[in-house]
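Notes for the one structure printed next.
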Amino acid sequence: MYWYDGKQIDSGTIELSVNAPGLCYGATIFTTMRVHNRSLNDSLTYWQAHCDRLKLSIQAFDWQQPDWNRLKKGASVLSARFPVLRMTIFPDGKEWITGRNLPSDLTSRQSAGIVAWVAAADLFQRKLASHKTGNYLSAYLARNQAISHQAQEAILTDPQGNWLETSTGNLWGWQKDCWYTPLLDGNALPGIQRSHLLGYLQKNNIPVQENVWTPEFVAQLEAISYSNCVVELVPIRQVIYQNKLSNYSLRSMSINN
């Protein structure tokens, strides 16, 4: 079941023109939202932030505005059944919403941490990184490579070897009583969960800095995590880089405030 162009459709397929830019070039934008308590109005669902993300890209690409009321109606219909929604907008303004469940192992990932693999920039650098476009091939390939290395996430880098983000979220590090997250600078997605975490830390006077994650800086980190709206915050207990393993301690951060 999904929602497309104002209608709920009970099917596993979608009909698009063979010349549709979204099909031919990945010309779509999307946002992935976790619906808390089956409500778009729940403060932790971040409905308006997800709409603002879509609006920002639509304006930057000069695409047609969707029917925002229809988008919310479709999201409301699917949120009664699914805790995670992917809302996609095509260049002509048509909306496409799909739903899915939370990862079955999310609780264990949050408590035990995951393994991440560092991807080479020359093969896996994401284009238009500050926008969440349908052309997510580089991140998709990087994550598949990570899985082949018995890891669950890939860490994307720039040509200088600086860490930018993971294949599905933003990075966080801890050292000497301070949290760190990479500067965006157009090279990584401004994550909605990242913005919430920054606001939470600043509001509670917990030290946090945005900086460039050089290899030298990363080597000093005591703990590493990644965040997105679906998983919220997941620690990374091991990192594979050039066939070498680095271990990190697990550190939690309360974020539901």
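The figures here come from the full heavy-atom set of this structure, side chains too, leaving out hydrogens, waters and symmetry mates.
- A salt bridge links Glu210 with Arg194: the distance from a Lys NZ or Arg NE/NH1/NH2 to an Asp or Glu carboxylate oxygen falls below 4.0 Å.
- Taken from CG in Asp67 to CD in Gln64, the straight-line distance is 10.5 Å, to the nearest 0.5 Å.
- Under 3.5 Å, the side chains of Ser249 and Arg251 contain no donor-acceptor pair of N or O atoms.
- Looking at heavy atoms from C-beta onward, Tyr46 lies out of side-chain contact with Asp52 at the 4.5 angstrom threshold.
- Taking the six-membered ring where tryptophan is involved, the planes of Trp117 and His149 are essentially parallel, since the angle between them stays under 30° and well short of 60°.
- In terms of modelled atom types and a separation under 3.5 Å, the side chain of Gln8 and the main chain of Gly74 share no donor-acceptor contact.
- Hydrophobic clustering, with ILVMFWY side chains joined whenever heavy atoms are under 4.5 angstrom apart, groups Trp213 together with Ile236.
- Counting heavy atoms from C-beta on, the side chains of Leu164 and Pro182 never come closer than 4.5 Å.
- Taking CZ of Arg53 as the reference point, atom CD1 of Ile89 lies at 13.0 Å (rounded to 0.5 Å).
- To the nearest 0.5 Å, atoms CG (Leu54) and OG1 (Thr31) are separated by 5.5 Å.
- Rounded to the nearest 0.5 angstrom, Lys94 NZ and Leu16 CG are separated by 8.5 Å.
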- Message: Using side chain to side chain contact (heavy atoms under 4.5 Å, CB included), reason through Trp3 and Leu85 one step at a time and then give a plain yes or no.
- Response: CA-CA 11 Å; Trp3 178 278; Leu85 302 183; over 6 Å; no
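- Side-chain contact between His50 and Cys229: present, with at least one pair of heavy atoms (C-beta onward) separated by less than 4.5 Å.
- Hydrophobic clustering of Ile, Leu, Val, Met, Phe, Trp and Tyr side chains at less than 4.5 Å, counting indirect connections, keeps Leu221 apart from Leu250.
- Val208 and Val212 fall into different hydrophobic clusters, where Ile, Leu, Val, Met, Phe, Trp and Tyr side chains are chained together by heavy-atom contacts under 4.5 Å.
- The two residues Asn187 and Glu165 make their nearest non-hydrogen contact at O-OE2, 4.0 Å.
- Residues Val115 and Ala151 come closest through the heavy atom pair O-CB, 3.4 Å.
- Residues Glu153 and Leu171 form no side-chain contact, since every pair of their non-hydrogen atoms from C-beta on lies 4.5 Å or further apart.
- Arg143 CZ to Phe124 CZ: the interatomic distance, rounded to the nearest 0.5 Å, is 13.5 Å.
- Of all heavy-atom pairs between Gly161 and Pro215, the closest is O-CG, 3.7 Å.
- What you find for Thr133 and Phe30 is that their closest heavy atoms are O-CE2, 3.3 Å.
- Heavy-atom contacts from other residues, nucleotides or ligands closer than 6.0 Å to CD of Glu15 number 12 or fewer.
- Smallest separation of non-hydrogen atoms from Tyr200 and Ile206: CE2-CD1, 4.2 Å.
- Residues Phe90 and Met87 do not share a hydrophobic cluster, defined by chaining ILVMFWY side chains whose heavy atoms lie under 4.5 Å apart.
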- Leu128 vs Asn135, side chain to side chain contact (heavy atoms under 4.5 Å, CB included): CA-CA, chis, key distance, verdict: CA-CA 9 Å; Leu128 296 173; Asn135 187 353; over 6 Å; no
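- The side-chain heavy atoms of Lys72 and Leu40, taken from C-beta on, include a pair separated by under 4.5 Å.
- Between the OG1 atom in Thr88 and the CD1 atom in Ile97 there is a gap of 8.5 Å [rounded to 0.5 Å].
- Of all heavy-atom pairs between Gln125 and Thr157, the closest is CG-O, 4.4 Å.
- Proximity of Leu184 to Asn170: side-chain heavy atoms (C-beta onward) are separated by under 4.5 Å at one or more points.
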- Message: Test side chain to side chain contact (heavy atoms under 4.5 Å, CB included) on Lys176 and Gln220; report intermediate values, then the result.
- Response: CA-CA 10 Å; Lys176 296 181 180 178; Gln220 300 171 16; 5.6 Å; no
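- Within 6.0 Å of atom CZ in Phe217, more than 12 heavy atoms from other residues, nucleotides or ligands are found, so the atom counts as buried in its surroundings.
- Each of Leu189 and Val234 belongs to its own hydrophobic cluster when Ile, Leu, Val, Met, Phe, Trp and Tyr are linked at side-chain heavy-atom distances under 4.5 angstrom.
- Between the side chain of Tyr2 and the main chain of Thr13, a donor-acceptor pair closer than 3.5 Å is present.
- Looking at Gln110, its side chain does come within 3.5 Å of a backbone N or O of Val231 through a donor-acceptor pair.
- Under the 4.5 Å side-chain criterion, counting only non-hydrogen atoms from C-beta, Val35 is not in contact with Phe82.
- His131 and Phe61 have tilted rings, their planes meeting at an angle from 30° to 60° on a 0 to 90° scale.
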- Task: Take Trp63 and Ile29 through the side chain to side chain contact (heavy atoms under 4.5 Å, CB included) test and state the conclusion after the steps.
- Result: CA-CA 10 Å; Trp63 286 1; Ile29 56 170; 3.9 Å; yes
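- The closest donor-acceptor contact from the side chain of Ser39 to the backbone of Asn41 lies under 3.5 Å.
- Heavy-atom neighbours of Lys55 NZ from other residues, nucleotides or ligands within 6.0 Å: above the threshold of 12.
- In this structure the side chain of Pro83 reaches within 4.5 angstrom of the side chain of Asn101, judged on heavy atoms.
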- Message: Apply side-chain hydrogen bond (donor to acceptor under 3.5 Å, both in side chains) to residues Arg100 and Thr98 and explain how you reach the verdict.
- Response: CA-CA 7 Å; Arg100 68 175 189 261; Thr98 57; over 6 Å; no
